[in-house]
J.: 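This is the structure, below, for whatever I ask next.
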2 protein chains.
Amino acid sequence: MPDEEGHPSRDEIELGRVLAALADPLRRSVIRELAAEPDGTARTCSSFGLPVSKATLTHHFRALREAGLIRQVDRGNSRMATLRRDDVETLFPGLLAILRAEQP
Amino acid sequence: MPDEEGHPSRDEIELGRVLAALADPLRRSVIRELAAEPDGTARTCSSFGLPVSKATLTHHFRALREAGLIRQVDRGNSRMATLRRDDVETLFPGLLAILRAEQP
DNA sequence: CCAAAGGTTCGATTTGCATCTTACCTCAGT
DNA sequence: ACTGAGGTAAGATGCAAATCGAACCTTTGG
């Protein structure tokens with residue numbers, strides 16, 4: 001499977017998909033954590049400590065990736081996730097700040 | 001049924017509910033139209049010309065009302081909907097602009 | 001007074017989503 | 001070479017959401 005699979009380009013990102021992805025509290029917590037760290041921070045899926053099974057983890061990260069919110073790159077054994085900060089901030093200015101302000 | 005039924009106060013509005021409400025394209029189009037009109041504009045549910053049945057209309061407007069995005073007031077025969085612009089803009093600054101920018 | 005228009009409620013259907021278990025793959029380290 | 005850790009894929013399940021038709025209520029306009 002190619003690396004760029006399932007990553008929409010900036011102009012393919014749809015607001016509906018983004019909002020649907022962010023409607024889930026677990027996915028929102030992932031974006032909130034990534035948005036709070038320095039730009040370019042890469043983390044593995046399992047480093048977020050979400051209280052779900054591995055299969056469900058894959059499911060949630062695919063939703064985020066296909067919405068265009070994160071980029072996933074294989075590095076050795078793991079798949080590192082980074083926030084697509086520029087793309088999101090350009091297309092939807094203020095959205096990340098709204099997510100960061102949420103009290104979980 | 002009292003008038004204020006189903007309207008959360010400002011501090012009861014939850015981001016998750018708001019995003020879930022806005023994940024639907026029909027509901028998003030309602031907010032987009034209201035956001036484009038002058039503040040305080042009141043419109044009836046049926047004036048949006050959504051391609052769904054009356055029962056489904058009721059369903060969608062309840063989702064928007066319970067999320068805290070609109071206020072609904074009975075006026076004679078109809079139930080007028082107004083955007084809760086202040087509340088939304090205060091809690092989620094920039095959100096309405098993001099919705100207005102979408103090309104439907 | 002009657003009819004039509006605007007909404008709501010109920011019950012049914014259908015579809016999609018979150019979740020899990022199981023099985024499998026691949027790389028890293030020993 | 002084996003094992004374990006990180007992830008993916010497939011299939012099942014349970015629940016919530018979107019949709020509709022039909023019945024009903026209220027108000028406005030003839």
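Treat the numbers as computed from the prediction; the structure is a model and nothing was measured. Residue numbering restarts at 1 for every chain, and letters A, B, ... go by the order of the sequence lines.
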J.: Output all residues satisfying side chain to side chain contact (heavy atoms under 4.5 Å, CB included) with B:A42, sequence neighbours left out; order by chain, then residue number.
T.: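 If we apply the side chain to side chain contact (heavy atoms under 4.5 Å, CB included) test to B:A42, skipping adjacent residues, the hits are B:M80, B:T82.
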J.: Below 4.0 angstrom from OP1 or OP2 of D:dA5, is there any side-chain N or O of A:S78?
T.: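 For A:S78, the contact criterion (side-chain N or O under 4.0 Å from OP1 or OP2 of D:dA5) is not met.
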J.: Indicate yes or no: at least one non-hydrogen side-chain atom of A:R28 is less than 4.5 angstrom from one of B:L15.
T.: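 Heavy-atom side-chain distance check passes, below 4.5 Å.
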J.: From CG of B:D74 over to P of D:dC25, roughly how many Å is that when rounded to an integer?
T.: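 Going from CG in B:D74 over to P in D:dC25 covers 17 Å.
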J.: What is the distance, to the nearest angstrom, from the CZ atom on A:F61 to the P atom on D:dG7?
T.: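 In whole Å, D:dG7 P and A:F61 CZ are 8 Å from each other.
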J.: List the protein contact pattern of nucleotides 13-24 of chain D with one symbol per nucleotide (5' to 3'): B for base contact, S for sugar-phosphate-only contact, - for none; contact means a heavy-atom distance under 4.0 Å.
T.: -----SBBB---
J.: Please tell me if the side chains of A:V30 and A:L50 come closer than 4.5 Å, counting only heavy atoms from C-beta onward.
T.: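 Of all side-chain heavy-atom pairs linking A:L50 with A:V30, at least one is under 4.5 Å.
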J.: From CD of A:Q72 over to C1' of D:dT8, roughly how many Å is that when rounded to an integer?
T.: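 Spelled out: CD on A:Q72 to C1' on D:dT8 is 11 Å.
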J.: With no hydrogens and no angle check, do the side chains of B:R79 and B:Q72 hold a donor and an acceptor under 3.5 Å apart?
T.: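 Checked: B:R79/B:Q72 side chains show no N/O donor-acceptor pair below 3.5 Å.
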J.: Are B:R71 and B:D87 close enough for a salt bridge, meaning some N to O gap below 4.0 Å?
T.: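 A salt bridge is present here (some side-chain N lies under 4.0 Å from a carboxylate O).
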J.: How many whole angstroms separate atom CZ of A:R28 from atom P of C:dA18?
T.: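 Taking CZ of A:R28 and P of C:dA18, I get 12 Å after rounding.
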J.: Are any protein N/O atoms closer than 3.5 Å to N/O atoms in nucleotides 26-30 of chain D? If there are, list each pair with its distance.
T.:
| from | atom 1 | to | atom 2 | distance (Å) |
| --- | --- | --- | --- | --- |
| D:dT26 | O2 | B:N77 | OD1 | 3.3 |

J.: With a 4.0 Å cutoff (strictly under), does any side-chain N or O of B:T58 reach OP1 or OP2 of C:dT8?
T.: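 Affirmative; the distance criterion is met.
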J.: Using side-chain heavy atoms (C-beta onward) and a distance below 4.5 Å, is B:I13 in contact with B:R84?
T.: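 Counting from C-beta outward, B:I13 and B:R84 do come under 4.5 Å.
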J.: Applying ring pair (Phe, Tyr, Trp, His ring centres under 6.0 Å), which residue pairs with at least one partner in residues 46-94 of chain B are found, sequence neighbours left out?
T.: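 Sorted result for residues 46-94 of chain B: B:F48-B:F61.
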J.: Can you measure B:I70 atom CD1 to C:dG7 atom P for me and round it to whole angstrom units?
T.: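 Rounded to whole Å, this separation is 11 Å.
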J.: Using atom CG of B:L64 as one end and atom P of C:dG7 as the other, report the distance to the nearest whole Å.
T.: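 After rounding, the reported distance stands at 14 Å.
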J.: Does a side-chain N or O of B:R62 approach OP1 or OP2 of C:dT8 to a distance below 4.0 Å, or not?
T.: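 Looking at the OP1 and OP2 atoms of C:dT8, neither is under 4.0 Å from any side-chain N or O of B:R62.
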J.: Considering residues at least two apart in sequence or located in another chain, which fulfil the side-chain hydrogen bond (donor to acceptor under 3.5 Å, both in side chains) criterion with A:D86?
T.: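 Checked A:D86 against side-chain hydrogen bond (donor to acceptor under 3.5 Å, both in side chains); zero matches.
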J.: Taking side-chain hydrogen bond (donor to acceptor under 3.5 Å, both in side chains) as the definition, give me every residue that meets it alongside A:S46, ordered by chain and number, with sequence neighbours left out.
T.: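 A:S46 satisfies side-chain hydrogen bond (donor to acceptor under 3.5 Å, both in side chains) with A:T44 only.
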